[in-house]
Engineer: 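Right, I'll just put the structure down here and ask away after.
Numbers here simply count residues along the sequence, with the first being 1. Please read these numbers as outputs of a predicted model, since none were measured by experiment. We count ligands from 1, going down the list as the structure has it; atoms in each ligand are counted the same way.
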Amino acid sequence: MKQVSLRLINVSKVFKDIKGKEIRAVNNVSFDVEPGEFVTLLGPSGCGKTTTLRMIAGFEKPTEGMILINNVNVVDIPPWKRDTAMVFQSYGLFPHMSVAENIAYGLKMRKVPKDEIERRVNSILEVVGLQGFGDRPPSSLSGGQQQRVALARALVVEPSVLLFDEPLSNLDVLLREQMRVEIKRIQKEVGITAIYVTHDRIEALTLSDRIVLMKDGKIEQMGTPEEIYEKPASKFAAEFMGKINFFPIDIVEILSDKTVVRLKGTVYEIPSLPTRKSDKYVLGCRPEGLRLSKQGPVKGIIKTVVYLGNLSEYYLDTEYGEVMVKVPPPFDKNFTEGREVFIQIVPEIAKIIPDD
Ligand code: ADP
Ligand code: MG
């Protein structure tokens, strides 16, 4: 059997609100995480990401289902006896302790000998790039540095599974981008299994070996970043991974290597297959998968042009609502606000998406 660090089997969590009404925060979720894998739980606010993570950590008990860490069902094991560690959005550092004492805390609790603590703390300070910061109080560090201390404190106990709950949300944009790359580097260097919760698709795309996309407590789609971006299994998945325009189509024929579709009388051969079986489909076109033209199946009026130097964004009014087209230079001077244009589809990057 395949080696797994973590396995969730039909896990559900039902909360009751103050009037006793049931809230199914997590609804029959199952997935496996392999040793050393970086898996992201991605989805909009309220979809059950944090609740799932808290059940893995042991702060919540599943209403139904099993959670296996290294093949042991842990649902009745308290958090401190589970082999997990968590990094939070608020760093949660102890202000009256030095950086080194903060990092050493978990090892002390585990009664690790003093000289080993010192060795491991120094080694982890190096991994997170904070050599020489051991004696400083956390308050003298920047936000990004404090987040690194929190990461070091979680890593130093060498947990089987490292858990992150939106750890970068409090950092400014530049630092967030930097820490994103850092977290990935450290995770791969240490070779630890990680579950990372975020609502930010860019974070998920950058960091993950695999993404578990959630909606309303359920798994909407699971796959590599590329699979979810390139082969969204639903309109929700397609939209959550980035701006996309949908056009209604009729399927003419599904062949072994392509799909023939009709959009308003124009027939297209799309060199890909529907992302899954359904009764009804739409054509999904990312803004970079459309062209502006003097003819084409869909007519639009240019509402807004956003010039970004390396590309221009055109927002069009069409019979299918607003359509966004991204065009690389050179820009056609005729395509100005108020003008009538037509939209062409680039078949190679169009997707046939289930609409059910
Ligand atoms: P996310 O992290 O994806 O934003 P959460 O897991 O925090 O979502 O929450 C999922 C749902 O469960 C939400 O509707 C939330 O209001 C509800 N919820 C979370 N924790 C509790 C709780 N302790 N009591 C009642 N409802 C809760
Ligand atoms: Mg959350």
Engineer: Checking ring-ring contact (aromatic ring centres under 6.0 Å, His included) for the pair F236/F240: CA distance, chi angles, key distance, verdict?
Structural biologist: CA-CA 6 Å; F236 171 83; F240 203 82; 5.7 Å; yes
Engineer: Would you mind running through ligand 1 and noting each atom that sits below 4.0 Å from a heavy atom of I23?
Structural biologist: 26 (N)
Engineer: Look at D356 together with K280 and state whether they make a salt bridge at an N to O cut-off of under 4.0 Å.
Structural biologist: no
Engineer: In Å and rounded to the nearest 0.5 Å, what is the NZ to CG distance from K326 to L311?
Structural biologist: 6.0 Å
Engineer: Are any of the N/O atoms in K49 less than 3.5 Å from those in ligand 1?
Structural biologist: yes
Engineer: Salt bridge between R180 and E203, side-chain N to carboxylate O under 4.0 Å?
Structural biologist: no
Engineer: Show your reasoning for whether side-chain contact (heavy atoms from CB on, under 4.5 Å) applies to L316 and M324.
Structural biologist: CA-CA 6 Å; L316 314 177; M324 203 250 260; over 6 Å; no
Engineer: Counting backbone and side-chain atoms alike, is an N, O or S atom of S45 positioned under 2.8 Å from the Mg ion (ligand 2)?
Structural biologist: no
Engineer: Are any of the N/O atoms in E60 less than 3.5 Å from those in ligand 1?
Structural biologist: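 In fact, backbone or side chain, E60 has no N or O that close.
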Engineer: Is there a polar contact between ligand 1 and T50, counting only N or O atoms under 3.5 Å apart?
Structural biologist: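 There is such a contact, yes.
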Engineer: For atom 20 (N) of ligand 1, find the nearest protein heavy atom and state the residue, atom name and distance (0.1 Å precision).
Structural biologist: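 Protein heavy atom with the smallest distance to atom 20 (N) of ligand 1: F15 CE1, 3.3 Å.
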Engineer: Start with the C-alpha gap between Y105 and F94, add the side-chain angles, then the distance that decides, and say whether ring-ring contact (aromatic ring centres under 6.0 Å, His included) holds.
Structural biologist: CA-CA 10 Å; Y105 186 78; F94 305 119; 4.9 Å; yes
Engineer: Can you tell if the side chain of D216 reaches within under 4.5 Å of the side chain of N27, non-hydrogen atoms only?
Structural biologist: no
Engineer: In the protein, what heavy atom is nearest to atom 9 (O) of ligand 1, and what distance, to one decimal place, separates them?
Structural biologist: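 Here the nearest protein heavy atom works out to T51 OG1, 3.8 Å.
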Engineer: Could you label the plane-to-plane angle of the Y196 and F164 rings as parallel, tilted or perpendicular, counting under 30° as parallel and over 60° as perpendicular?
Structural biologist: tilted
Engineer: Could you say whether the N/O atoms of A25 and ligand 1 ever approach to under 3.5 Å?
Structural biologist: no
Engineer: Provide, to 0.1 Å, the distance between atom 8 (O) of ligand 1 and the closest protein heavy atom, together with that atom's residue and name.
Structural biologist: G48 N, 3.3 Å
Engineer: Evaluate the 4.0 Å heavy atom contact test for atom 15 (C) of ligand 1: does a protein atom fall under the cut-off?
Structural biologist: no
Engineer: With a 4.0 Å cut-off on heavy atoms, is G46 in contact with ligand 1?
Structural biologist: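 Within the 4.0 Å threshold, so yes.
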